[in-house]
> 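What follows is a single structure, and I will ask about it in a moment.
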Amino acid sequence: MNLVRSTLLAAAGLAAFLLFWEAMPRLGLVDPAFLPPPSTIPAAFLREVALGVWPLAVASSLSHYVVGLGVGAGAGIGLGLVSGMSRPFEAVTAWVVRLLRPIPGLAWVPFAIIWFGVQPSAAVFIIAIGVFWIVFFATQGAVRGVDRDLIEVAQAFGFRSPLARLTKILLPAATPGILVGLRTALGQAWMAVVAAEIFGVPGVGQRMMQASSLLSTDIVVVYMLTMAALYGLFDSAFVALQGRLLRWRP
Amino acid sequence: MSEPVIEFRDLGLAYGQGEARTVILAGLDLTVARGEVLVIVGESGVGKSTLLRVLIGLARPSSGTVRVAARPGCRTPMALVFQDARLLPWRRVVDNVAFGLEGGGLSKAERRAEARKGLALVGLADLAGRWPHQLSGGQRQRVAIARALAVEPDVLLMDEPFSALDSFTREGLQDELQRITAQTGKTVVFVTHDIDEAVTLADRVVVLAGKPGRVAAEVRIDLPRPRKRRDDALQAIARQLRAELSRRSAEL
């Protein structure tokens, strides 16, 4: 299928989706308060911008997102590398990991509030936890999967210390796997942003909660689409970065 | 014979414990003279590659001694070319060749300059900027040879380096290796199971046989270089070695 044709089909699919969405409330099939038609969204968006609420919410959420992602991914890569390189470390942490891993980000909210207060750092904490596990397991698996033959090459050329093994072989060889984890985390972190802000830290999530309690569903949709757009932006930038970092691959 | 560069004395190597214990080598004595091309032949599993792995530090002997008398002031005592090229796919060709020079106090530009010299030696100067996946199997193996030569080893170790290549490429690389050893006067320890390859390259062929492996026969080849593969004298030595090998395996 050529590019023009697939682009046209994608546009047609989106148009059909929007038409269907517009038709449902307009034809009285659902209450417009439950499902605002898409044609009302631009006006709601402009209202939010004019109030100055939108830029503030987005700026605040973006800062939670970026810092949370950075902290979670940094810790995930760091500990994932150590765990991938060291069997004793993996053994020591095995049951701690099993204990903490299944706890969802939302369940950490009470502790986040107690430890950090209703502060941006609490939101960062929730987001970082969501990101951490994904990146940790991706990194650990990627390091474990590195071809032993390449490690022998490093040894044969005299690079025998763990640090040399890490920088010369393990890290570059594990990069594709780590990047897959990071890309998953990029999406996961936006989901965590909503969870992290529902308890009152200002941001997109908080604004969505306010709007939904007032049944201003059009405003909820504005922020849903805002998050989709921001995610799309970050994901596209990430894919470009990934392509650059992995340009050595066939 | 000049002073030995490498000397194995009563070398033994075994893996595992108790029932699972596998003895690869036992009571092996072997010396390598400076400047000679020593080719070790033998069946698979006889411990040929293990000898090279012991020399480069990838395996530890269980008994006996290994003495290496590298030339004082040489950059690296030994470098190994593996059976498969084992290039690092995330490095361009030139940086793969420069790999072994890292940590030697050279700047990046100096390392790359050295790497380019190594690439020129194997005739791949034009491909310095390529990624490994863009090379053919033969080219990849030449890059691996350049990577080993770049560290200016006193002894070049080669573990069946051409066995995964088609015969046309293989013979081309054998000729190239003859040229390089003539040019550099390097000591080479070359492992193969290909008798024709052995007699083409070697100043001396050592036959490893038995379980555990030990030196079963030794042939010195003083024919002039570059050698023609179809040369009668060379073929006669090859026949003699084949007979020796089949007699050894019949004994087992």
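Throughout, protein chains are lettered first and strands after them, A, B, ... in sequence-line order, and every chain is numbered starting at 1. Just so you know, these numbers come straight off a predicted model, no measurement behind them. Side chains are part of it too, since the values below use all heavy atoms of this structure and drop only hydrogens, waters and symmetry mates.
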> Rounded to the nearest 0.5 Å, how far does CH2 of B:Trp131 lie from CH2 of A:Trp248?
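It is 9.0 Å, given to the nearest 0.5 Å.
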
> Let me confirm one number: the CD1-CD distance from B:Ile56 to A:Glu152, rounded to the nearest 0.5 Å.
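Reported to 0.5 Å precision, the distance equals 11.0 Å.
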
> Checking heavy atoms, do the side chain of B:Arg53, its backbone, both or neither come under 4.5 Å from chain A?
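The answer is the side chain of B:Arg53.
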
> Is chain B contacted by the side chain of A:Leu245, its backbone, both, or neither, given a heavy-atom distance below 4.5 Å?
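Looking at A:Leu245, nothing touches chain B.
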
> Tell me if the CE atom of A:Met224 is crowded by more than 12 foreign heavy atoms within 6.0 Å.
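It does not: A:Met224 CE has 12 such atoms or fewer within range.
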
> Chain B heavy atoms under 4.5 Å from A:Arg247: which part of the residue, side chain, backbone, both or neither?
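For A:Arg247, backbone and side chain are both near chain B.
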
> Nearest 0.5 Å, please: how far is CG in A:Leu171 from CH2 in B:Trp90?
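Atom-to-atom, B:Trp90:CH2 and A:Leu171:CG are 9.5 Å apart.
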
> Using a cut-off of under 4.5 Å on heavy-atom pairs, state which of B:Arg92, B:His133, B:Gln134, B:Glu102 scores highest against chain A.
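The answer is B:His133.
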
> Look at atom CD of B:Gln17 and say whether more than 12 heavy atoms of other residues, nucleotides or ligands are closer to it than 6.0 Å.
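No - once you tally the heavy atoms of other residues, nucleotides and ligands closer than 6.0 Å, there are 12 at most.
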
> Given the options A:Ala173, A:Pro250, A:Gly158, A:Ala156, which has more heavy-atom pairs under 4.5 Å with chain B than any of the others?
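With the most close heavy-atom pairs to chain B, the winner is A:Pro250.
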
> With a 4.5 angstrom heavy-atom cut-off, is it the side chain or the backbone of B:Leu157 that approaches chain A, or both, or neither?
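For B:Leu157, neither part sits under 4.5 Å from chain A.
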
> Taking atom CZ of A:Phe89 as the centre, does the number of heavy atoms from other residues, nucleotides or ligands within less than 6.0 Å exceed 12?
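Enclosed.
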
> Heavy-atom distances under 4.5 Å only: say whether A:Ala154 touches chain B with side chain, backbone, both or neither.
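For A:Ala154, heavy atoms of backbone and side chain both lie under 4.5 Å from chain B.
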
> Does any non-hydrogen side-chain atom of B:Val151 lie less than 4.5 Å from one of A:Phe157?
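Yes; the side chains approach each other to less than 4.5 Å.
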
> When rounded to the nearest 0.5 angstrom, what distance separates CD1 in A:Ile169 from CG in B:Leu88?
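The distance works out to 4.5 Å.
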
> CD1/A:Ile151 to CG/B:Leu58 distance, rounded to the nearest 0.5 angstrom?
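Spacing of CD1 (A:Ile151) from CG (B:Leu58) equals 11.5 Å.
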
